[in-house]
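Scroll down for the structure; my scribbles are underneath it.
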Amino acid sequence: MGLRWVAGTCLLLAVCLGLIGAYGWQQFQQFLGTPLGAGAGQAGQSAFQLRVAPGDPVRAVLARLEAQSLTRNDWRWRWLLRQDPVTIQAGEYEIPPGTTPHAFLRLLEQGAVIQYRFTLVEGWNWWQLRDALKAEARLAVDEALLTRESVMAAIGSAQTDPEGWFLPETYAYTADDDALDVLRRAHGAMQDALAEAWNGRVEALPLASQVELLTLASIIEKESSVAAERPEIAGVFIRRLEQNWRLETDPTVIYGIGEAFDGDIKSRDLRAATPYNTYVIRGLPPTPIAMPGVDSLKAAAAPAPGRAMFFVADGQGGHVFSETLAEHNRAVQDMLRRLRAKRDDEPKPSNAEDGDTSAVTASALAERSG
């Protein structure tokens, strides 16, 4: 009788344990197939963001999810982590709708953090780039390092002046990056692009170094937004350098004025003795004046052949190229007529002082034609 009772009890216990095990297995399989958030009545249909700090263990992350009612941090997670131990990476994550526990662990293990983008625009100068970085809310910025005097040393560059040394492009970054991380990548990209242009340059260019190529490319960048005509503009400047002419290019004058430039070049600006005023100095200015794109680098390295020595805006986004000063002066007069016609079509200013700008612009353009 005692043996039968013991056997019956053991059988009953085995059946109960089997049922419990089956129930637990069924619960675990259901857990594996249930998206995060389903327990909060969201049915796993909403994305959510998660920040994992450096050194956070998985259990701390799961505790935060439980606090947000996105999962239950119970035996099922412990069982899963015994079967599938992971090392997670710090960062900011966006967890998409329908993410199951296994998929969640894979995201954190692979470091699939949120990628943001910062675009460095062709033709920006250093202070425009600096201000754009400061305005990027997700990038950490140490303003003491974003100075003209210290930024290149801060990113580990042998260059001393930042102007021109960052390639215009769109750069991805994460919440853990700072402004210097973006600048390091942009600087490395510019070094590569500049070296490629320099190695592919045509023979006998009057340029002594990659820095001079970069400087010329920056001027070309500011002179035209039309990629197809940049080699022609480069050809004009190369021929002027070869013949020891002054470059006489407005963007260098504007750069010499600096952040005080009010949008209008005055006649007195053309006579100002600054290192960047190419109406006064001969040769290239001491540094680039902007961040040139790849097209401008290639144009500086391989200028279009020809005999044009002058160019002036055509009023439609392009330029008119001329071989002689007489041809150039006619092109300038045509441009002046278009400016005056446009001015006459515009509403009259409320006072005489406001009306001076077009006249000064016209007189300055006339002076530049010589």
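Numbers for residues simply follow the sequence, beginning at 1.
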What's the separation between atom [atom1] in [X] and atom [atom2] in [Y], rounded to the nearest 0.5 Å?
| X | Y | atom1 | atom2 | value |
| --- | --- | --- | --- | --- |
| Q191 | S157 | CD | OG | 6.0 Å |
| L284 | T252 | CG | OG1 | 10.0 Å |
| L32 | Q27 | CG | CD | 11.5 Å |
| E136 | D178 | CD | CG | 12.5 Å |
| E232 | E223 | CD | CD | 13.5 Å |
| Y93 | I88 | OH | CD1 | 7.0 Å |

Working for side chain to side chain donor-acceptor pair (under 3.5 Å), residues E92 and T174: CA-CA 8 Å; E92 186 179 18; T174 71; over 6 Å; no

What are the two closest heavy atoms between [X] and [Y], and how far apart are they?
| X | Y | result |
| --- | --- | --- |
| G164 | L214 | O-CD1, 3.5 Å |
| A47 | P96 | CB-CA, 4.2 Å |
| V280 | A272 | CG2-O, 3.7 Å |
| K222 | G123 | NZ-O, 3.2 Å |
| A53 | A90 | C-CB, 3.8 Å |
| A290 | S218 | O-CB, 3.4 Å |

Matching residue for L65 among T71, N73, I95 - test: side chain to side chain contact (heavy atoms under 4.5 Å, CB included):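 That would be T71.
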
Would you call [X] and [Y] a salt bridge, taking side-chain N to carboxylate O under 4.0 Å as the test?
| X | Y | answer |
| --- | --- | --- |
| E143 | K134 | yes |
| R51 | D176 | yes |
| R271 | D269 | no |
| E259 | R148 | no |
| R185 | E169 | no |
| E109 | R106 | yes |
| D295 | K298 | no |

Given side chains that start at C-beta, do those of [X] and [Y] come closer than 4.5 Å, heavy atoms only?
| X | Y | answer |
| --- | --- | --- |
| T170 | L120 | no |
| L81 | R59 | yes |
| M335 | D314 | no |
| L297 | M190 | yes |
| I114 | Q49 | yes |
| W79 | D84 | no |
| L207 | L241 | yes |
| P275 | P286 | yes |

Chi angles and distances behind the side-chain contact (heavy atoms from CB on, under 4.5 Å) call for V52, V113: CA-CA 10 Å; V52 177; V113 297; over 6 Å; no

Side-chain heavy atoms under 4.5 angstrom apart, residues restricted to Ile, Leu, Val, Met, Phe, Trp, Tyr: same cluster for [X] and [Y]?
| X | Y | result |
| --- | --- | --- |
| L139 | M291 | yes |
| M152 | L194 | yes |
| I289 | W124 | yes |
| L129 | W127 | yes |
| I254 | L216 | no |

Counting only N and O atoms by type, is there a donor-acceptor contact under 3.5 Å from the side chain of [X] to the main-chain atoms of [Y]?
| X | Y | value |
| --- | --- | --- |
| T215 | V211 | yes |
| E221 | G293 | yes |
| T119 | V121 | no |
| R239 | A308 | yes |
| T278 | I281 | no |
| E66 | L62 | no |
| T274 | Y276 | yes |
| N199 | A195 | yes |
| N329 | A326 | no |
| R64 | L50 | no |

Step-by-step side-chain contact (heavy atoms from CB on, under 4.5 Å) determination, D334 to V312: CA-CA 10 Å; D334 288 342; V312 66; over 6 Å; no

Donor-acceptor side-chain pairing of E163 and T287 below 3.5 angstrom: no

Verify whether the ring centers belonging to [X] and [Y] lie closer than 6.0 Å.
| X | Y | value |
| --- | --- | --- |
| F310 | W245 | yes |
| W77 | F31 | yes |
| Y171 | F118 | no |

Aromatic plane relationship, Y173 with Y116 - under 30° parallel, 30 to 60° tilted, over 60° perpendicular: tilted

Sequence neighbours excluded, every pair satisfying ring pair (Phe, Tyr, Trp, His ring centres under 6.0 Å) that has a member inside residues 140-165: W165-H187

More than 12 heavy atoms from other groups under 6.0 Å of CZ on R246: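 Atom CZ in R246 is packed in, count exceeds 12.
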
Within 6.0 angstrom of Q115 CD, more than 12 heavy atoms from elsewhere: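 Buried by this count: over 12 neighbours within 6.0 Å.
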
Residues which pass ring pair (Phe, Tyr, Trp, His ring centres under 6.0 Å) with F311, listed by chain and number, not counting sequence neighbours: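 Partners of F311 by the ring pair (Phe, Tyr, Trp, His ring centres under 6.0 Å) criterion, ordered by chain and then number, come out as F237, H319, F321.
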
Contacts of type side-chain hydrogen bond (donor to acceptor under 3.5 Å, both in side chains), residue T100, not counting sequence neighbours: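 Counting only residues at least two positions away or on another chain, T100 forms no side-chain hydrogen bond (donor to acceptor under 3.5 Å, both in side chains).
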
Derivation of the side-chain contact (heavy atoms from CB on, under 4.5 Å) call for D192 and L167: CA-CA 9 Å; D192 292 343; L167 187 68; over 6 Å; no

Working for side-chain contact (heavy atoms from CB on, under 4.5 Å), residues L180 and L145: CA-CA 8 Å; L180 294 181; L145 296 177; 3.5 Å; yes

NZ or CZ of R78 within 45° of W75 ring axis and under 6.0 Å: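 Output no; distance or angle outside limits.
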
